[in-house]
Visitor: 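Mind looking over this structure? Questions follow.
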Amino acid sequence: QVQLVESGGGTVQAGGSLRLSCAASGHTDSGYYMGWFRQAPGKRREGVVVIDSDGRRAHAESVRGRFTISQDNATNNLYLQMNYLQPEDTAMYYCAADPASRWYRYGLRGYLARVESTYWGQGTQVTVSS
């Protein structure tokens with residue numbers, strides 16, 4: 001069983017930065033995909049950026065160059081550094097984890113695009129004011 005707890009959300013002005021954290025417990029030390037997804041009011045949940053246990057990443061085009069995902073190999077905690085935030089980044093942000101073996105057909109980009117995961121955190125709200 002995997003437990004994920006996000007923190008670090010808040011309200012920031014456009015152009016500002018935030019760093020989200022995801023405390024992961026359980027067996028995420030190898031063979032897992034992990035990532036960040038978000039859902040804005042009235043919209044479907046979407047993938048933001050995901051990472052595998054070898055450090056490979058897949059980004060949504062809307063955040064490329066602005067958002068950076070990282071993982072602490074000692075604790076398996078996950079982070080999302082968000083720079084140059086815009087009002088359209090306002091959403092509930094979720095940390096997720098899934099055994100990589102479930103994605104052997106679709107790979108990391110499939111995990112980002114299909115927005116399916118076995119484990120989810122409760123979410124942390126990010127609000128960007130203009």
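In this text, all values refer to a predicted model and were calculated from it rather than measured experimentally. All heavy atoms count here, side chains included; hydrogens, waters and symmetry mates do not.
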Visitor: Any ion pair linking Arg66 and Asp89 (charged N to carboxylate O, less than 4.0 Å)?
Guide: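 Here Asp89 pairs with Arg66 in a salt bridge, since their nearest N and O are under 4.0 Å apart.
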
Visitor: Report yes if the side chains of Phe67 and Trp36 come closer than 4.5 Å at any heavy-atom pair, otherwise no.
Guide: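 No, their side chains stay 4.5 Å or more apart.
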
Visitor: How far apart are the closest heavy atoms of Gln71 and Asp52, and which atoms are they?
Guide: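 Between these two residues, the closest heavy atoms are OE1-O, 4.3 Å.
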
Visitor: Just checking, Arg38 and Tyr94: is the charged tip under 6.0 Å from the six-membered ring centre and within 45° of the axis?
Guide: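 No, cation not above the ring by the 6.0 Å, 45° rule.
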
Visitor: What closest approach, in Å, do Asn77 and Ala24 show between heavy atoms, and which atom pair accounts for it?
Guide: OD1-N, 3.1 Å

Visitor: Whether the side chain of Thr90 engages the backbone of Val128 through a donor-acceptor N/O pair (distance < 3.5 Å, no angle test) should be reported.
Guide: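 Side chain of Thr90 to backbone of Val128: a pair is present.
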
Visitor: Taking Val12 as the starting point, is it possible to reach Val48 by hopping between hydrophobic residues whose side chains are less than 4.5 Å apart?
Guide: yes

Visitor: Can you name the nearest heavy-atom pair linking Leu78 to Cys95, along with the distance?
Guide: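 So the two residues come closest at CD2-SG, 4.0 Å.
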
Visitor: Find out if a path of hydrophobic residues (ILVMFWY) with successive side-chain heavy-atom gaps under 4.5 Å connects Tyr84 to Val63.
Guide: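 As far as the 4.5 Å side-chain criterion goes, Val63 and Tyr84 are not connected within one cluster.
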
Visitor: Can you tell me how far apart CG (Leu112) and CZ (Arg57) are? Round to the nearest 0.5 Å.
Guide: 13.5 Å

Visitor: Taking side chain as C-beta onward, heavy atoms only, is Leu18 less than 4.5 Å from Tyr93?
Guide: no

Visitor: Show your working on side-chain contact (heavy atoms from CB on, under 4.5 Å) between Trp120 and Leu4 and close with a plain yes or no.
Guide: CA-CA 6 Å; Trp120 293 93; Leu4 305 169; 5.6 Å; no

Visitor: Between Arg64 (side chain) and Ser62 (backbone), is there a donor-acceptor pair under 3.5 Å?
Guide: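 It does not hold such a pair.
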
Visitor: Rounded to the nearest 0.5 Å, how far does CG of Leu108 lie from NE2 of His59?
Guide: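 That separation rounds to 10.0 Å.
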
Visitor: Under 3.5 Å, side chain of Asp98 to main-chain N/O of Thr118, donor-acceptor pair present?
Guide: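 Checking the backbone N and O of Thr118 against the side chain of Asp98, a donor-acceptor pair under 3.5 Å is found.
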
Visitor: Side chain of Glu6, backbone of Gln122: donor and acceptor closer than 3.5 Å?
Guide: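 Judged by distance alone, yes, a pair lies under 3.5 Å.
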
Visitor: Verify the cluster assignment for Ile69 and Tyr119: are they in a single hydrophobic cluster under the rule of side-chain heavy atoms below 4.5 Å apart?
Guide: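 The answer is yes; both residues are in one hydrophobic cluster.
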
Visitor: Does any part of the side chain of Thr124, heavy atoms only, come nearer than 4.5 Å to the side chain of Leu20, both counted from C-beta?
Guide: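 Yes - at least one pair of side-chain heavy atoms lies under 4.5 Å apart.
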
Visitor: Determine the minimum heavy-atom distance between Gly15 and Gln86, stating which atoms define it.
Guide: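 Taking every non-hydrogen atom into account, N-NE2, 4.2 Å.
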
Visitor: Determine whether Trp103 and Glu116 make a side-chain contact, defined as any pair of heavy atoms from C-beta on separated by less than 4.5 Å.
Guide: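 Yes. Closest side-chain heavy atoms under 4.5 Å.
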
Visitor: Considering all heavy atoms of both residues, which atom of Ala91 and which atom of Ala40 are nearest to each other, and what is their separation?
Guide: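 In this case the closest contact between Ala91 and Ala40 is CB-N, 3.8 Å.
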
Visitor: Can you tell me if Arg44 uses its side chain to pair, donor with acceptor, with the backbone of Gln39 under 3.5 Å?
Guide: no

Visitor: Do Tyr111 and Phe37 come close enough that some side-chain heavy atom pair is under 4.5 Å?
Guide: yes

Visitor: Side chains of Asn83 and Gln81: is there a donor and an acceptor less than 3.5 Å apart?
Guide: yes

Visitor: Any side-chain heavy atom of Tyr33 within less than 4.5 Å of one from Ile51?
Guide: no

Visitor: Do Gln3 and Ser25 pair up side chain to side chain, a donor and an acceptor below 3.5 Å, judged on atom types alone?
Guide: yes

Visitor: Ignoring hydrogens and geometry, is there a side-chain-to-backbone donor-acceptor pair from Asp54 to Arg56 under 3.5 Å?
Guide: no

Visitor: Closest approach of Ala14 and Ser130, non-hydrogen atoms and distance?
Guide: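 That would be CB-CA, 4.4 Å.
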
Visitor: Check whether any side-chain heavy atom of Val126 sits under 4.5 Å from a side-chain heavy atom of Met82, and report yes or no.
Guide: yes

